[in-house]
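Remarks on the structure that follows.
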Amino acid sequence: MLLLRSSSVGDAFELLWKALTGQTALLVYAVLALAVILFLVLYVIVLEYRRDRERKARVSGEKAMERATAEQTIRTAIDENMQKNAGIIVTGGGIPVRGSQASKTVARQSEGTGEQEEEGPENGSRFYMLTEIDKAYEHYTRPTYNESISLKELCEVFREYAAGALKLYYDIEDIRRFIGALAVTKLIILQGMSGTGKTSLAYAFGEFLDNKTVVVPIQPMWKERTDLVGYYNEFTRRFNETTLLYKMYEANNNEEIYITVLDEMNIARVEYYFAEFLSLLEIPNPDGRNLDVVSDRWENDPKLLQHNGKMRLPTNMWFVGTANNDDSTFSISDKVYDRAMVLNLDKKAVPFETERVRQSKVSATHLSELFARAQREYDLSDRNMRRIKTLDEYMIKTFHITFGNRIMKQIRAYVPVLVACGGTELEALDDILSRKVFRKLESKNPVYVKQMADGVCGYLDELFGEDKLPLCKEAIRLIEQNI
């Protein structure tokens, strides 16, 4: 009996073992293992997706808080700025309005009650700050400008003001180059070692004109124009306005000279975030330089916003970019350099004593008239025009570099203005040729440039006179030394 039972149990175990280790069982095991693996993969994917959504939501929330903080800071600055203007007061809600409108805005008498009804800061427009500018300029009176100042006097008085009032010292040659650059293009690049006064030069000029310079710190992640001018928020149905947008709109309402500093401009790629500005500034007719702000115009949008949602780039605003060349920055492309005027501030000026000079309000209209007058009176001499054409042929033959129509146009705009500022024609030619033509040798074969350096320097002495173009020769020697 026991033998029968043990035999039955053994057979059962044997059948079970065969069932568990058979081909069908192994196939089932494989399917189950695959299912477990798929489940784990899907679980990890879903987990990562949730984490990514949480991370994006957190980043979006942080950005929203940063933008809200920045907007509040800007509004506070606007309120403080507008309080300084005659006839402007600030209501309890922080809205700057003209004195003639104060009684209407601060309080209204409710019919039949005698109670005051306070009006909040909401003005019904998606552009809060730009609409406030419209209100502020309803009773605008043109200030008194200095219409008698000349370009030479402008350079000298500005230099003395910076030294006397701000304790900022600059060589007169750098001041002339800065003023001359304003006549050529709306984009100026200041290069040089830290501490040589790149940002302070633009700041001092704004102080001298009694129109404070706007400083826009460029951020490394900027890639498009909305980083500069703001964007429309579909959630809040408001436009997130920036200081630059505010200043551009304000500039379209008056004749002040506006200087906007793009601080550390090459910490992000200039060709990305400033691309639309570069294209618009190339249009000869200022009326055709219209920047996209929104897709269309609403009924209560600011007055100067066009029907297609564009805004005209102000002709009285210049962009001054400061650039450093180190491991944390991007190189500036030829596209940007060709459209800009470059000033190298390589050394600090020697301090000097001067009496404190007052500010001088100069209108952009008068400055443009001074530029046009200088270009008529001090046009390039025929002798130097022949020299430039000869040099152009030499550079094409030797390095395959040509001046081009843009550079020639810039030369003819820059040289007369620098002469009117107190410089000489050869000094002006030396400066602009070194920045616009000989800088291009940096992109050529350095070994070949080094071999040709002595010959090029000798050719410049032969064509223009010995040591008449020191900056051009310095640019060649610098490339030679860097090899």
Side-chain angles (χ1 to χ4, degrees), residues 80-81 83-86 141-183 188 190-215 247 251 254-261 263 316-318 320 322 341 343-371 373-374 377-378 414 416-425 427-428 431:
E80 293 175 354
N81 182 47
Q83 287 182 71
K84 298 176 184 178
N85 298 325
T141 302
R142 185 179 185 270
T144 301
Y145 292 107
N146 185 350
E147 304 290 358
S148 61
I149 193 169
S150 65
L151 285 175
K152 184 178 181 180
E153 184 183 1
L154 175 65
C155 295
E156 294 171 350
V157 174
F158 168 45
R159 180 171 180 255
E160 292 175 359
Y161 171 82
L166 306 175
K167 302 304 177 185
L168 297 172
Y169 305 98
Y170 302 98
D171 289 335
I172 188 62
E173 291 83 4
D174 290 331
I175 299 293
R176 290 169 182 163
R177 290 167 186 158
F178 180 74
I179 299 299
L182 300 178
I188 301 166
L190 303 182
Q191 296 183 152
M193 297 181 296
S194 179
T196 52
K198 298 186 295 296
T199 304
S200 62
L201 175 59
Y203 160 79
F205 193 57
E207 292 293 316
F208 171 68
L209 298 171
D210 194 22
N211 187 28
K212 291 186 179 297
T213 297
V214 179
V215 179
K247 283 295 181 181
N254 59 53
E255 298 178 64
E256 300 282 339
I257 296 174
Y258 284 79
I259 303 295
T260 298
V261 174
D263 198 27
N316 53 339
M317 176 175 283
W318 282 263
V320 178
T322 63
M341 281 296 289
L343 277 74
N344 286 348
L345 300 179
D346 298 321
K347 59 182 179 180
K348 292 184 178 180
V350 179
F352 60 93
E353 293 294 330
T354 182
E355 295 182 2
R356 179 163 181 161
V357 180
R358 294 183 179 179
Q359 297 166 312
S360 181
K361 287 191 74 68
V362 181
S363 69
T365 304
H366 181 61
L367 187 64
S368 298
E369 291 172 353
L370 291 176
F371 291 156
R373 187 187 310 164
E377 295 178 358
Y378 302 102
Y414 179 74
V417 173
L418 202 74
V419 173
C421 288
T424 67
E425 193 165 280
E427 287 175 352
D431 180 59

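Bear in mind the structure is a predicted one, so any value in this text is a computation, not a measurement.
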Throw together a table of side-chain donor-acceptor distances under 3.5 angstrom for residues 148-166, partners on residues two or more places apart or in other chains.
from, atom 1, to, atom 2, distance (Å)
Ser148, OG, Asn146, OD1, 3.0
Ser150, OG, Glu153, N, 3.2
Arg159, NE, Tyr170, O, 2.6

To the nearest 0.5 Å, what is the distance between [atom1] on [X] and [atom2] on [Y]?
| X | Y | atom1 | atom2 | value |
| --- | --- | --- | --- | --- |
| Leu168 | Ser200 | CG | OG | 5.0 Å |
| Ile259 | Leu201 | CD1 | CG | 9.0 Å |
| Leu190 | Leu343 | CG | CG | 6.0 Å |

For the residue pair Lys198 and Gly192, what are the closest heavy atoms and their distance?
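That closest heavy-atom pairing would be NZ-O, 3.2 Å.
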Minimum heavy-atom distance Val214-Lys247, with the two atoms named:
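Where Val214 meets Lys247 most closely, the heavy atoms are CG2-CG, 3.3 Å.
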Side-chain heavy-atom pair Asn211, Ile257 within 4.5 angstrom cut-off
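No; the side chains remain at least 4.5 Å from each other.
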Can you confirm whether Met317 sits close enough to Thr260 that some side-chain heavy atom of one is under 4.5 Å from a side-chain heavy atom of the other?
yes
Residues in side chain to side chain contact (heavy atoms under 4.5 Å, CB included) contact with [X], at least two apart in sequence or another chain:
| X | value |
| --- | --- |
| Asn316 | Ala251, Asn254, Tyr258, Pro314, Ala364 |
| Asp210 | Gln359, Lys361 |
| Glu255 | Arg142, Tyr145, Ser363, Thr365 |
| Asp174 | Asp171, Arg177, Leu345 |

Mind checking what makes side chain to side chain donor-acceptor pair (under 3.5 Å) contact with Ser368, not counting sequence neighbours?
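Ser368 satisfies side chain to side chain donor-acceptor pair (under 3.5 Å) with no residue once adjacent residues are dropped.
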Non-neighbouring partners of Arg176 that pass salt bridge (Lys or Arg N to Asp or Glu O under 4.0 Å), sequence neighbours left out:
none
Going by salt bridge (Lys or Arg N to Asp or Glu O under 4.0 Å), name the residues that satisfy it together with Glu207, two or more places apart in sequence or in a different chain.
Lys212
Does CD in Glu355 sit with more than 12 non-hydrogen atoms of other residues, nucleotides or ligands closer than 6.0 Å?
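Not buried by this count: 12 neighbours or fewer within 6.0 Å.
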Restricting to ring pair (Phe, Tyr, Trp, His ring centres under 6.0 Å), what partner residues turn up for Phe178, sequence neighbours left out?
Phe205
Counterpart residues, ring pair (Phe, Tyr, Trp, His ring centres under 6.0 Å), relative to Tyr169 (two or more places apart)
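Checked Tyr169 against ring pair (Phe, Tyr, Trp, His ring centres under 6.0 Å); matches are Phe352.
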